[in-house]
Amino acid sequence: YKLQLPFILVFNKTDIVQSAFATKWMTDYDAFQAAVQEEKAYAGTLSASMGLVLEEFYQNIVTASVSAVTGDGMESLFEKIGEAGEEYQKTYRPRMEARAKSKAERDAKLAAKRVNKLREQMKATGGLDVAVQ
């Protein structure tokens with residue numbers, strides 16, 4: 001599963017708890033399953049059943065781990081934000097512009113069709129009794 005827009009998942013407060021366990025869970029289904037097997041509540045059962053779907057979702061997400069207190073990881077975060085901006089410009093924006101152009105062309109054709117229909121009705125009725133849609 002790949003999102004259309006660049007997406008960065010940022011773990012904060014890594015000066016208190018490192019994010020390695022979470023990133024491992026995101027990329028290793030077995031590690032995630034082992035962790036949620038210990039949880040017997042409904043949330044644990046739900047998480048376990050969603051594990052495969054989440055693994056597919058997470059494998060394409062860029063992650064960054066930072067500490068706002070110490071500044072650790074900030075340089076990496078800024079690099080990843082820059083890369084996401086480049087991905088947006090190279091991948092998403094051209095697709096978005098192509099879709100917008102295609103929609104404008106469809107709208108223009110529809111408008112022309114409606115104008116032609118209106119002209120035909122005006123010609124047929126001498127300009128009287130025209131139904132505008």
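Just so it is clear, the values below take in all heavy atoms, side chains as well, and ignore hydrogens, waters and symmetry mates. In this text the structure is predicted, and so the values were computed from the model without any measurement.
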Would you find more than 12 non-hydrogen atoms of other residues, nucleotides or ligands less than 6.0 Å from Glu75 atom CD?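 For Glu75, atom CD is not crowded (no more than 12 foreign heavy atoms under 6.0 Å).
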Contact summary for [X] and [Y], nearest pair of heavy atoms:
X	Y	answer
Val66	Gly73	CG1-O, 3.4 Å
Ala68	Asn12	N-OD1, 3.3 Å
Ala84	Pro6	O-CG, 3.2 Å
Phe11	Leu9	CZ-CD2, 3.8 Å
Ser67	Asp15	OG-OD1, 2.8 Å

Do [X] and [Y] belong together in a cluster built from hydrophobic side chains that touch within less than 4.5 Å?
X	Y	answer
Met96	Leu5	yes
Ile61	Val10	no
Ile8	Met74	yes

Does the Glu87 side chain pair with the main chain of Glu83, one donor and one acceptor, at a distance under 3.5 Å?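 Pair absent, no side-chain N/O of Glu87 close to backbone of Glu83.
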What do the steps show when you test Lys101 against Glu97 for salt bridge (charged side-chain N to carboxylate O under 4.0 Å, His left out), and what is the final call? CA-CA 6 Å; Lys101 182 180 177 185; Glu97 289 171 347; over 6 Å; no
Starting at CD of Gln18, measure out to CG of Asp72 and round the result to the nearest 0.5 Å.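 Between Gln18 CD and Asp72 CG, I get 8.0 Å after rounding to 0.5 Å.
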I'd like to know if the side chain of Ser102 pairs up with that of Arg106 as donor and acceptor (distance under 3.5 Å, no hydrogens or angles considered).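 The criterion, which ignores hydrogens and geometry beyond distance, is satisfied for Arg106 and Ser102.
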